[in-house]
Amino acid sequence: MIRDRGKIKWTAMMLPEHVKLLRDWVKEDTYEQKKELDEQQLEHINEIAAEAMEFNEWVHITHYQNRNYEILIGKIHYWDAITQTFHVVDKFDELHRVSLNSIADIRF
């Protein structure tokens with residue numbers, strides 16, 4: 001059975017720039033691709049958002065930000081038609097602006 005030091009053995013011979021590039025490459029592998037929504041899904045988002053604003057209900061919004069999907073839980077406070085963004089207030093009373101084209105899913 002071979003017992004060596006694995007990657008530790010080779011990093012001593014590598015330049016710091018190469019090590020940084022390898023770390024960046026590994027980090028890029030965790031990025032997710034943004035999915036395009038069809039008209040049915042956009043209509044579903046519109047219905048849920050309108051109902052949530054009308055009855056002041058909590059929603060779970062899955063949106064694409066910083067190359068990953070994030071979940072935001074809060075109440076939709078306002079819809080800005082000019083910039084096409086939702087103003088969502090979370091349970092800590094913080095305001096988040098979520099663009100319509102970055103939303104992947106919305107649920108009660």
Side-chain angles (χ1 to χ4, degrees):
M1 183 163 145
I2 300 173
R3 296 191 55 180
D4 62 5
R5 295 169 292 182
K7 290 192 329 190
I8 297 173
K9 181 165 93 175
W10 298 104
T11 56
M13 295 189 314
M14 296 177 72
L15 293 173
E17 294 86 11
H18 294 148
V19 175
K20 182 184 180 309
L21 286 173
L22 284 174
R23 287 187 183 135
D24 291 343
W25 183 50
V26 169
K27 187 176 162 186
E28 285 177 9
D29 283 346
T30 62
Y31 294 161
E32 297 180 25
Q33 296 294 323
K34 185 176 176 183
K35 299 174 184 121
E36 295 295 324
L37 299 177
D38 61 0
E39 282 190 36
Q40 253 184 340
Q41 292 168 324
L42 287 173
E43 186 65 30
H44 175 70
I45 289 172
N46 186 27
E47 290 174 5
I48 298 290
E51 189 175 335
M53 281 192 296
E54 183 177 350
F55 298 113
N56 200 24
E57 294 188 23
W58 291 89
V59 290
H60 297 253
I61 299 174
T62 305
H63 63 102
Y64 189 76
Q65 184 177 11
N66 299 332
R67 298 181 180 155
N68 285 314
Y69 283 100
E70 296 181 2
I71 297 176
L72 174 64
I73 301 172
K75 294 182 180 182
I76 299 175
H77 175 67
Y78 179 70
W79 161 249
D80 188 358
I82 296 172
T83 59
Q84 293 199 348
T85 57
F86 288 107
H87 295 208
V88 181
V89 178
D90 64 4
K91 65 181 178 179
F92 302 111
D93 291 331
E94 292 181 14
L95 181 67
H96 302 273
R97 290 181 174 88
V98 181
S99 175
L100 178 64
N101 60 6
S102 70
I103 293 178
D105 189 27
I106 186 169
R107 300 170 190 245
F108 286 114

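Note that the structure is a prediction, hence the values are computed from the model and not measured. Side-chain atoms are counted along with the backbone in the values below, which use heavy atoms only and exclude waters and symmetry mates.
- From Lys75, atom NZ reaches atom CG of Asp90 across 11.5 Å, with rounding to the nearest 0.5 Å.
- Remark: His77 NE2 is loosely packed, at most 12 non-hydrogen atoms of other residues, nucleotides or ligands lying under 6.0 Å away.
- Once rounded to the nearest 0.5 Å, the distance linking OH of Tyr64 with OG of Ser99 reads 13.5 Å.
- Counting non-hydrogen atoms of other residues, nucleotides and ligands closer than 6.0 Å to CD of Glu28 gives a total above 12.
- In plain terms, the two heavy atoms of Ala52 and Val59 that are nearest each other are CB-CG1, 3.5 Å.
- The shortest non-hydrogen separation linking Val89 to Trp58 is O-CZ3, 4.5 Å.
- Checked by atom type and distance alone, the side chain of Asn66 never pairs as donor or acceptor with a backbone atom of Asn68 at under 3.5 Å.
- Between Tyr78 and His87, the angle of the ring planes goes over 60°, which puts this pair in the perpendicular group of the 30/60° scheme.
- The NE2 atom of His63 sits 8.0 Å away from the NE2 atom of His96 when rounded to the nearest 0.5 Å.
- Residue Ile76 holds its CD1 atom at 13.5 Å from CZ of Phe55, rounded to the nearest 0.5 Å.
- When atom types are taken as modelled, the side chain of Glu51 and the backbone of Ile48 share no donor-acceptor pair closer than 3.5 angstrom.
- Rounded to the nearest 0.5 angstrom, Ile71 CD1 and Ile61 CD1 are separated by 11.0 Å.
- The OH atom of Tyr69 lies 4.5 Å from the NZ atom of Lys35; values are rounded to the nearest 0.5 Å.
- With a 6.0 Å radius and a threshold of 12 heavy atoms from other residues, nucleotides or ligands, Lys34 has its NZ atom above the threshold.
- What you find for Thr85 and Trp79 is that their closest heavy atoms are O-CE3, 3.4 Å.
- Residue pairs meeting the salt bridge (charged side-chain N to carboxylate O under 4.0 Å, His left out) criterion with at least one partner in residues 93-108, sequence neighbours excluded, are Asp105-Arg107.
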